[in-house]
Amino acid sequence: MPDTTPRLTNRPQWTALEDHRAAQRQVHLRDLFATDPGRARRYTARVGDLHIDYSKHLITDETLALLQELATATDVFGQRDAMFRGEKINTTEDRAVLHTALRAPRGAVIEVDGVDVVPQVHAVLDKMAVFADKVRSGAWTGHTGKRIKNVVNVGIGGSDLGPAMAYEVLRPFTDRSLTVRFVSNVDGADLHEAVRDLDPAETLFVIASKTFTTIETITNATSARSWLLKSLGDESAVAKHFVALSTNAEKVAEFGIDTANMFEFWDWVGGRYSYDSAIGLSLMIAIGPDAFREMLDGFHLVDEHFRTAPAESNVPLLLGLLGVWYGNFHGAQSHAVLPYSHYLSKFTAYLQQLDMESNGKSVDREGRPVDWQTGPVVWGTPGTNGQHAYYQLIHQGTKLIPADLIGFASPVGELSAELADQHDLLMANLFAQGQALAFGKTADEVRAEGVPEAQVPHRTFQGNHPTTTILASELTPSVLGQLIALYEHKVFVQGAIWHIDSFDQWGVELGKVLAKRVEPALTEGADVPGLDASTQALVATYRTLRKK
Ligand code: F6P
């Protein structure tokens, strides 16, 4: 039967938003606040421990109502329910999308192909907890009987970014006697630097790969094994120094890791949605099973909010709609995530995969080219550092860059009183930036300061730059889970509206295939048929310059 659903841009709700945008062209946040005293209070939401201020957005009640109508027309909640029910919404891979089951409480029932997956999830979590406790207590020793002091996670993409980010975020909760490192790059320098000062007899490698075929990970894992065996001599050492996190038992066994030391997950967990699965083992070893479970509870809290909160107060829906508003109706190409927390230094890099691998698509679910913008470029680093680097462009450049400012009421960890006192200055910067971005500084205000006329344009800030401020009392494991689930569901909402498959990633395949094809040209000078003239010349230059 032919598909008679109107395409997104032909929907009346879309056209209504276009008209609304055209009518709103002159609106400034200064005016929106001046004419609506209740705005700051009204445009504030709460989910779990997260307090969200979205008043500094280029929106009115009418904008929100029109965006909600678009969400209803595109059946965002119907699609959400299908995901939570375990339907195979990742159609190009014919898979269910059930990262929400990874944090479902014991006793919940979630079925895939008629099988309740929650008991399996908890069986793996329990197995991880037993293992993590053994490593942490010293009961799990290396081949020579020495205690494990170092954990090296080897993985890439979703098998690296999540645990590496969360380890950084939760450093204050980690066992500081353990050294935990993350190796992802196939550049040998990554593994070299990670292990150069470690004693192999005290080192555990956690090989994280959903498929266990990813060339970077298998190459690094093979080199890690050689490094270990060079020192410990005996093949049997592998059993005490290597564990695997994977869905592919066959490949794990082929690599030489005992499948008794494999922590399993399932094809209904996408790589970029996997760090709360077995992929989080290194993190669990670092922070302990209790803190890991607290983090899962934080995820679950936001899952439940997304699943049950009405549209008007559903925060992931709201954030998703705001992204659509800027990307599709204001022409914004990127979205900045600017945490005011040192511990969140890897947070945006993690979100890049979550958002850009999910929604970087240009065909819809039926394979037809889209004629609307999809996922934004997501970028950013901790805010105070960014202020002295690229904020100039956000304030006075020519691009509209909506941003999230994330901060906490209290510092976490064992800071000295003096360092803890710096926290107010850190947060003063967050609040000041939100204010400066929204309201700017008019030419008249600049003149009133006695600035020479020629300099007035340079010192004027137009303002009108939208931000969401996300505040929580402290950056705990639960709050981290809440934040990640919030972004996961925001990404879901946008993919649902754009009618794309947010859960496949075919775009990464071509580069992988070509790299395999080109490699023999580099190593052996082999003639690679079909190599374009530019790449051929680059390969030849590389071979001339390469020192062996
Ligand atoms: O190449 C992209 C990707 O498939 C990601 O989606 C995934 O997170 C990453 O590679 C690593 O894959 P794996 O866990 O199978 O090694």
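Worth knowing before you read on, the calculation uses all heavy atoms, side chains too, and leaves out hydrogens, waters and symmetry mates. Counting begins at 1 with the first residue of the sequence. Atoms within a ligand are numbered from 1 in the order they appear, just like the ligands themselves.
- Counting protein heavy atoms only, atom 4 (O) of ligand 1 is closest to K512 NZ, 4.0 Å.
- Atom CG of D527 has 12 or fewer neighbouring heavy atoms from other residues, nucleotides or ligands inside a 6.0 Å radius.
- Using a 4.0 Å cut-off between heavy atoms, Q505 contacts ligand 1 through its side chain alone, with no backbone atom that close.
- Note that atom 1 (O) of ligand 1 has protein non-hydrogen atoms nearby, at separations under 4.0 angstrom.
- Of the possible donor and acceptor atoms, one in the side chain of H122 sits under 3.5 Å from a partner among the backbone N and O of A104.
- Near T214, with a cut-off below 4.0 Å to any heavy atom, the atoms of ligand 1 are 12 (O), 13 (P), 15 (O), 16 (O).
- Annotation: cation-pi geometry satisfied between R80 and F77 (NZ/CZ under 6.0 angstrom from ring centroid, within 45° of ring axis).
- With T259 contributing its side chain and A253 its backbone, the two residues share no donor-acceptor pair below 3.5 Å.
- Counting non-hydrogen atoms of other residues, nucleotides and ligands closer than 6.0 Å to NZ of K127 gives a total above 12.
- Of all protein heavy atoms, the one closest to atom 15 (O) of ligand 1 is T211 OG1, 2.6 Å.
- For ligand 1, none of its N or O atoms has an N or O atom of T217 under 3.5 Å away.
- Ligand 1 has Q353 within reach: a non-hydrogen atom of the residue lies less than 4.0 Å from it.
- Of all protein heavy atoms, the one closest to atom 3 (C) of ligand 1 is E357 OE2, 4.3 Å.
- The protein heavy-atom contact nearest to atom 9 (C) of ligand 1 is I156 O, 3.7 Å.
- Within ligand 1, counting atoms from 1 as listed, the ones closer than 4.0 Å to a heavy atom of V508 are 1 (O), 2 (C).
- In summary, the atoms of ligand 1 found under 4.0 Å from a heavy atom of S159, numbered by their order in the structure, are 13 (P), 14 (O).
- Two rings, from F299 and Y275, have their centers less than 6.0 Å apart.
- Annotation: E509, atom CD; neighbour count of heavy atoms from other residues, nucleotides and ligands within 6.0 Å is above 12.
- Set against the non-hydrogen atoms of G158, the atoms of ligand 1 under 4.0 Å away are 7 (C), 8 (O).
- Salt-bridge annotation for D175 and K149: absent, with no side-chain N of the basic residue lying under 4.0 Å from a carboxylate O of the acidic one.
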